[in-house]
Amino acid sequence: MFELLFCSLLTILPDFLFRRYVQGKRIGHEITLYSVWFELRYGIVTCLMLTVSLITLIFYYHPTAVTAVSTFRTIPIMPESPGRVVETFVPVELETQVKAGDPIFKLDSSRQKADVVTAQQQVVEIEGELELAKGELAVANAQVDQARASLKQAQDELDTRQELYRRNANVVSERDIEKLQNTVDARSGALRAAEAQQELVQTKLDVALPAKLKSAQARLSEAQVELDKMTVYAGVDGTVTQFLLRRGDIVNPFMRPAGILIPADAQRERIVAGFGQIEAQVIKPGMVAEAFCGALPFKVIPLVVADVQTQLASGQISTGSTLIDTSQTVKPSTITTLLEPLYEDGLRELPPGAVCIVNAYTSNHDRLSSGEEIGTGEFIFLHAVDTVGLVHAMILRLQALLYPIQTLVLTGH
């Protein structure tokens, strides 16, 4: 309507003024309801053509997204394993502020506590085996010393008998020397056995038992982790909402979350808008935009296009049991665009999740002022594109002014 009124000022009005003051035709006489088309046909046709061209130019180079929302991130509150609630730490309120590390609820942990006690007993048992092995090592050391002393005694006696035999063969018999040699060999074997036993106990003390102790300690740590998981804590600062758990409820991470945690840093940061596919060549990062949101009537929020998704949701496919049929994509998807506030804290007053209308504006100022050689026709066209953006900005502000009336009066709310 605004475009039609604007174009009529440039076409129908000059045509009427020419008919009235040049040709002397008057409304109600020569210009009547039945002759208005014949008298003003040039202005009417030109007005319609100019209006269609202006609307096309405005909505193509300065597109509008009616599906825009102030997005925010949510975290489902759920344990890693199902269980029965035994205690809650969050009051019954619509929203509750929590800090990172605050407990939210606790599940029954009888089995996990029993696993921790069992793991602790295993650690104590292995520590006892270590102390016992130290005693066994002391016994093995004593046995080695005893076997070494016995071997030395037998070897000394053998050496003495052999010396006497060399000096006087009649003093010592060969049979006695053989017996002593056998005794030395036996005690030498006993020494080697004692030394082997000593090494075995030392290996048990240095390698086997420490490894068993580390395994037991790892099992204790694992059991303690499972016990700690029975209490669910807030991972970040934020707001807990829709928390309805009570003592005795069953919580299952695959079926029933306990509530929702909205991180404090996930609000009032950005707006996600969906522009039509015809705007694929127009929407670019860095474009200035404006948003009007019903949650903030009479206020226009300046934005900037931060990122544009290059893929369209309607074309995604995944492996399944049926063949792909493009006719199943009935509704074309939009171009997902991420917008951020142009000024700091620009979205601070906007409630997270608010639905908005977004206008993006094409600007050729940099190109026009860069000194690039541009033809006269293109120069005029680029100036016209930048100028008609004002019309779209006025339309957005008109919508902001009329929104309370349309919502509160005309729709019956």
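Being a predicted model, the structure only gives us computed values, none of them experimental. The first residue in the sequence is number 1, and the count goes up from there.
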Taking only residues two or more places apart in sequence, or in another chain, which ones meet [X] in a salt bridge (Lys or Arg N to Asp or Glu O under 4.0 Å)?
| X | value |
| --- | --- |
| D386 | none |
| K284 | none |
| R247 | none |

Do the side chains of [Y] and [X] get nearer than 4.5 Å, heavy atoms only?
| X | Y | answer |
| --- | --- | --- |
| F105 | I77 | yes |
| I335 | Q309 | no |
| F275 | V282 | no |
| L213 | Q217 | yes |
| L261 | T74 | no |
| T64 | I357 | yes |
| V85 | R246 | no |
| I262 | F72 | yes |

Heavy-atom pair with the smallest gap, counting every atom of [X] and [Y]:
| X | Y | answer |
| --- | --- | --- |
| L312 | T334 | CD2-O, 3.6 Å |
| L396 | A291 | CD2-N, 4.4 Å |
| A68 | A65 | CB-O, 4.4 Å |
| I126 | A216 | CD1-CB, 3.6 Å |
| D206 | P210 | O-CG, 3.3 Å |
| I301 | G346 | CG2-O, 3.7 Å |

Straight-line distance of [X] [atom1] to [Y] [atom2], nearest 0.5 Å:
| X | Y | atom1 | atom2 | result |
| --- | --- | --- | --- | --- |
| L209 | K134 | CG | NZ | 10.5 Å |
| M287 | Y61 | CE | OH | 11.5 Å |
| N359 | F59 | CG | CZ | 8.0 Å |
| T362 | L382 | OG1 | CG | 10.5 Å |
| L137 | Q197 | CG | CD | 10.0 Å |
| T231 | I104 | OG1 | CD1 | 11.0 Å |

Holding to side-chain contact (heavy atoms from CB on, under 4.5 Å), I want the full list of residues that pass it with [X], two or more places apart in sequence or in another chain.
| X | result |
| --- | --- |
| L132 | E136 |
| D307 | L338 |
| E87 | F89, K106 |
| D145 | R148 |

Which pairs pass ring-ring contact (aromatic ring centres under 6.0 Å, His included) with one or both residues in residues 277-313, sequence neighbours excluded?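 Those involving residues 277-313 are F292-Y403.
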[X] atom [atom1], over 12 foreign heavy atoms within 6.0 Å:
| X | atom1 | answer |
| --- | --- | --- |
| E127 | CD | yes |
| E378 | CD | yes |
| L342 | CG | yes |

I need the full list of disulfide bond (SG atoms under 2.5 Å apart) pairs touching residues 275-315, with sequence neighbours left out, sorted by first then second residue.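 As it turns out, the disulfide bond (SG atoms under 2.5 Å apart) pairs with a partner in residues 275-315, which skip direct neighbours, are C293-C356.
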If we ignore hydrogens and angles and just use 3.5 Å, is the side chain of [X] paired with the main-chain N or O of [Y] as donor and acceptor?
| X | Y | result |
| --- | --- | --- |
| D237 | A100 | yes |
| R270 | E340 | no |
| Q277 | S333 | yes |
| H62 | H392 | no |

Kindly indicate, with the supporting measurements, whether the criterion side chain to side chain contact (heavy atoms under 4.5 Å, CB included) is fulfilled by L205 and L130. CA-CA 6 Å; L205 186 63; L130 279 170; 4.0 Å; yes
Which pairs count as salt bridge (charged side-chain N to carboxylate O under 4.0 Å, His left out) when at least one residue sits in residues 390-403, sequence neighbours excluded?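 Only E290-R397 qualify under salt bridge (charged side-chain N to carboxylate O under 4.0 Å, His left out).
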For side chain to side chain contact (heavy atoms under 4.5 Å, CB included), just list the numbers for L220 and Q122, CA-CA rounded to whole Å, side-chain angles, deciding distance to a tenth of an Å, and then say yes or no. CA-CA 9 Å; L220 175 60; Q122 290 178 349; over 6 Å; no
Begin from the C-alpha positions of N364 and F381 and carry the test side chain to side chain contact (heavy atoms under 4.5 Å, CB included) through to its verdict. CA-CA 10 Å; N364 299 295; F381 175 77; over 6 Å; no
For N141, which of Q198, E195, Q202 qualifies under side-chain hydrogen bond (donor to acceptor under 3.5 Å, both in side chains)?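 Answer after filtering Q198, E195, Q202: Q198.
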Residues R219 and S215: side-chain donor-acceptor under 3.5 angstrom: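 Judged by distance alone, the side chains do not pair up.
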What verdict does the side chain to side chain contact (heavy atoms under 4.5 Å, CB included) test give for L347 and L303, after you've listed the backbone C-alpha separation in whole Å, the side-chain angles of each residue and the deciding distance to 0.1 Å? CA-CA 9 Å; L347 301 178; L303 304 170; 4.1 Å; yes
Should E226 and K229 count as an ion pair when the cut-off is N to O under 4.0 Å?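 K229 and E226: salt-bridged.
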For D228, which residues count as a side chain to side chain donor-acceptor pair (under 3.5 Å) partner, sequence neighbours excluded?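 Side chain to side chain donor-acceptor pair (under 3.5 Å) list for D228, sorted by chain: Q224.
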Under the side chain to side chain donor-acceptor pair (under 3.5 Å) test, which residues partner Q121, sequence neighbours left out?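 Checked Q121 against side chain to side chain donor-acceptor pair (under 3.5 Å); zero matches.
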